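Accompanying notes for the structure given below.
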Amino acid sequence: MFQTTSSIEGQSMPVFIQEAHSRGTFIISLPDIHFSIEYPQSLTSEEQIETLVLHLFSMMDENQAEAVARDIVHAISRK
């Protein structure tokens, strides 16, 4: 597991990313907003962003959801 940060409305928040190799998935947790998701590692970067935006959109506006999703996918790609 590794940790990165993102921000919502100017407030920094921790993001936890677990690579579940045995399941072939990423598990993403944003505890400050009570959000978690698991999705396949086989998704492309754009598919990861789309998946995250789709689920984050219920908690924030679309632009903010996309910014958070891009932060997460960028952190995964740097790992």
Side-chain angles (χ1 to χ4, degrees):
M1 179 183 319
F2 64 98
Q3 181 179 345
T4 189
T5 58
S6 189
S7 64
I8 296 178
E9 297 178 3
Q11 297 294 319
S12 181
M13 65 176 177
V15 178
F16 298 93
I17 302 170
Q18 173 70 43
E19 296 178 73
H21 296 290
S22 63
R23 297 171 56 96
T25 61
F26 290 114
I27 302 169
I28 312 297
S29 176
L30 291 83
D32 288 4
I33 61 169
H34 307 286
F35 175 84
S36 64
I37 186 171
E38 180 177 20
Y39 61 83
Q41 291 178 350
S42 61
L43 297 180
T44 67
S45 293
E46 284 305 312
E47 290 170 331
Q48 290 180 56
I49 291 168
E50 289 174 15
T51 298
L52 288 164
V53 168
L54 179 69
H55 289 85
L56 286 167
F57 185 66
S58 66
M59 307 183 89
M60 60 189 72
D61 69 43
E62 186 175 1
N63 291 334
Q64 187 63 60
E66 186 165 340
V68 171
R70 289 193 182 283
D71 288 346
I72 292 167
V73 173
H74 180 70
I76 290 170
S77 70
R78 289 182 305 169
K79 177 78 173 93

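Quick caveat: nothing in here was measured; it's all calculated off a predicted structure.
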>> Show every side-chain hydrogen bond (donor to acceptor under 3.5 Å, both in side chains) that has at least one partner inside residues 15-30, sequence neighbours left out.
In response: Arg23-Glu38, Thr25-Glu38
>> Using 0.5 Å steps for rounding, measure from the CE atom of Met59 to the CG atom of Leu30.
In response: 8.5 Å
>> Before you tell me yes or no, could you show the steps for Ile33 and Leu56 under side chain to side chain contact (heavy atoms under 4.5 Å, CB included), namely the whole-Å CA-CA distance, both residues' side-chain angles and the distance that decides it to 0.1 Å?
In response: CA-CA 10 Å; Ile33 61 169; Leu56 286 167; 4.1 Å; yes
> Which distance, rounded to the nearest 0.5 Å, do you find between the OG1 of Thr44 and the CD of Glu50?
Replying inline: 7.0 Å
> So which heavy atom on Ala20 is nearest to which on Ile27, and how close?
Replying inline: CB-CD1, 4.2 Å
>> I need the Ile17 CD1 to Ile72 CD1 distance, nearest 0.5 Å.
In response: 6.0 Å
> Of all heavy-atom pairs between Met13 and Asp32, which one has the smallest distance, and what is that distance?
Replying inline: CB-OD2, 3.4 Å
> Can you tell me how far the CZ atom of Arg70 sits from the CD atom of Glu46, to the nearest 0.5 Å?
Replying inline: 5.0 Å
>> Looking at Glu62, I want to see if its CD is surrounded by more than 12 non-hydrogen atoms of other residues, nucleotides or ligands under 6.0 Å.
In response: no
> Can you name the closest pair of heavy atoms from Pro31 and Pro14 and give their distance?
Replying inline: CD-O, 3.9 Å
> How long is the span from the CD atom in Gln41 to the CZ atom in Phe26, to the nearest 0.5 Å?
Replying inline: 4.5 Å
>> Ile37: which residues meet the side-chain contact (heavy atoms from CB on, under 4.5 Å) condition with it, sequence neighbours left out?
In response: Ile28, Phe35, Tyr39, Thr51, Leu52, His55
>> For residues 5-16, which residue pairs pass the side-chain hydrogen bond (donor to acceptor under 3.5 Å, both in side chains) check, not counting sequence neighbours?
In response: Ser6-Asp71
